[in-house]
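So you know, we letter chains A, B, ... as the sequences are listed, proteins then strands, and number each from 1. Heavy atoms only: backbone and side chains are in, while hydrogens, waters and symmetry mates are out.
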Amino acid sequence: MSAPTGSDPRVEQAPVTDEALLDSHDKLLGRQPDDKAHYRLLPLNLLFLFSGLIFFAGTYLGRYAGHFHPSVFNEHGQPPKAGAAVAVAVDPLVLGKNVYGQVCAACHQPNGQGLPPAFPPLAGSEWVAGSEERLIRILLHGLQGPIKVKGTEFNGAMPPVGPGSGFNLNPEKVAAVLTFVRKEWGGIATPVAAAKVAEIRAKDGTRPPLTVADLEKIP
Amino acid sequence: MTNQSTNAGAAEVTAIDTHARWPLLYLIGAGLVWLIVSGVLSLIAAIQLHSPAYLAECAWFTHGRVEAMRETAFIYGWAANAGLAIGTWLLGRLGGYPLRGLNWFVVGGVFWNLAVAAGLIGIAAGEMTSFAVLQLPRAVQPLLVLSYAATAISGVLAWSGRKRAGTFASQWYAVAALFLFPWFLTATQVVLLWTPVRGVVQAVAAAWYAEGVFALWLAPLALAGAYYVVPKVSGRTLPSYEAAPVAFWTLIVVGTWTAGRHLVGGPVPAWLPTMGVVGTSLLLFHFLVLAFNFKIALTPAGTAMNFLRFGLLAYLLYGVFTTIASFRGVAAHAQFTFVTVALEQLGFYGAVSMLFFGTLYYMVPRLTGRDWALPGLASAHFVTASTGLVLALVALAVAGETQGNLLLEAKATYAEIFQQVSVPLMIHTAAQFLLIAANLLLLVNFAMSAWACGEKACASAAGLLRSSSSMEASAS
């Protein structure tokens, strides 16, 4: 017959039987007696290539696997030192900014300008730039009655935000938000210590909101 | 083989084929029907990408569900049925004895397809799981495992009771696929559906499973077909076949380690994505050996070989591209874009499906004992399918490239991005039309061939009856 045509769409012919197929390939794997002994286990060039790939894989793994540490998420990262404090230190400015956005911004506005005549500004306020003890107490106990801020008289009520209040911020968060507010709008870089907040809170307990008169008694 | 017009198929049909004819034809037919179903769903999903309002008011056909149904019909409908039929047939032929346990095979096949059908309805009703490639509703998952186990019995028996001690590459791949799939399917079901692990581990398990479906199940079944049909049709021994075992073990061992590449940038320990990069790189060896083994597929030799050649090239390209795309720098651009979709289609459609088609073109005539009923449709199928596929892949890649660059610019909104890529997306829709048309050609051709074979079987059965009754008549 004519040679099999490439375009013949009919059923494909099979020039080899299954037996012959298995035999010829078995021989290559060295499983069959092979008189000419012309099988190789793996061609040398492939062997080289495979070793090359494995070498690359090993090096790459060593470099970018983050020491296989479960808490290293960045391929360049280093695992935490053994024995180092596990608790991650939180930047009070970041935490403070968060708390400010969640709690204070509703009244004092995200830019700290307040919303006169109801809410006094924090930006440029002499109270913010003033005594740390007074600020802590404003947040712990709240504030009501007339107060003068930047020459304008306000008369509203600020709720307490500390532990046990509706906002229930712990001392760490109170300290953080004050650190943020003082840095951002009072130009004071020294952070407020959470321990100080806790100490004042322990000393004062709970009490009704302060007035300006109360504040002035505090150093 | 002396005359082109002789019934060439019948010449090589063995008792092994005729014995398993109807069970295997049933699975293939079911697979082809699912292929059309998934094609139509794919078309709907493609249209929705550039015309979001299309079918948007119908909850059953919103994009997310259509996409889930498309994927499910494709993998569990088409690929599973066709792959199981191919794997079982190969194990039978190479095992040297007629297949046993065929009643289990049929029962399993029926229930598998019922499970998929029920699952698709479940997905349409919104009951899908949230894991890609494993979206069938929880309720049908146990049935999936049981029916798979029943279907796989024939193949396993053929393997364990094979005539010769020596084994051939097709057998390794087919047996590995048969055994590995139920293992990682059940393992994944346990950790994702029955006693779900928490948090990030879920994403890791889901990525591992999805990779397993390709690398440990469908790709091996497709390769099993290629390893058998290519040397059979070309009549030549595979070059560098001595490296084939290493290629096989490379795939089996590192195949699923490549899953980490899907997790780049995710909240997972750094070693997982790194392992993905390493896995895909090591897998290059597997692809390289395959390229050597299948050099001989480049010689033209008919429709089956055309499909196989296309499928093998797609498989190699898939290997190279996934390796490139796994590196973090590239992944940052390609992730979550149509590039990923294109790559997935290259693997599942370009490689697996085209290899299945090629094997089926060789296998079905041997099962029916006659040529394809409409040989002209076979070459038409190849031309249409390959055109549609190339068009779809290129369109997706172009769309993905643009999309990837825009996504990284915070300025462009999501809607704007889709506006920008609407032209390639429309081309993609046109390509889906072509693919449906192409696969209809195969379905029609298959149905006609099976029908003709059935008629012949009936006729000969009737003939037997008639002669026996006349014998009785004459005896009395």
> Is it the side chain or the backbone of B:Thr250 that comes within 4.5 Å of chain A heavy atoms, both, or neither?
Replying inline: side chain
> Yes or no on side chain to side chain contact (heavy atoms under 4.5 Å, CB included) for A:Tyr64 and B:Val277, after CA distance, side-chain angles and deciding distance?
Replying inline: CA-CA 10 Å; A:Tyr64 296 116; B:Val277 178; over 6 Å; no
>> Once rounded to the nearest 0.5 Å, what's the spacing between atom CG of A:Asp23 and atom OG1 of B:Thr237?
In response: 10.5 Å
> Any idea how A:Phe56 and B:Phe327 line up, ring-wise: parallel (<30°), tilted (30 to 60°), or perpendicular (>60°)?
Replying inline: tilted
>> Is B:Pro273 close to chain A through its backbone or its side chain, or both, or neither, when contacts mean heavy atoms under 4.5 Å?
In response: neither
> So, B:Ser281 side chain and A:Ala57 main chain: donor-acceptor pair closer than 3.5 Å or not?
Replying inline: no
>> Under 4.5 Å from any heavy atom of chain A, what part of B:Phe382 do you find: side chain, backbone, both or neither?
In response: neither
> When A:Asp18 is tested against each of B:Lys163, B:Arg366, B:Arg164, B:Lys232 for salt bridge (Lys or Arg N to Asp or Glu O under 4.0 Å), which residue passes?
Replying inline: B:Lys232
> Nearest heavy-atom pair of B:Pro231 and A:Val16: which atoms, and what distance?
Replying inline: O-CG2, 3.7 Å
> Does atom CH2 of B:Trp257 have more than 12 heavy-atom neighbours from other groups under 6.0 Å away?
Replying inline: no
> Does the pair B:Leu284 and A:Leu49 meet the rule for a side chain to side chain contact (heavy atoms under 4.5 Å, CB included), with working shown?
Replying inline: CA-CA 10 Å; B:Leu284 280 179; A:Leu49 211 118; over 6 Å; no
> With distance as the sole test, does A:His25 use its side chain to make a donor-acceptor pair with the main-chain N or O of B:Phe168 at under 3.5 Å?
Replying inline: no
>> Using heavy-atom distances under 4.5 Å, tell me whether B:Leu288 contacts chain A through its side chain, its backbone, both, or neither.
In response: side chain
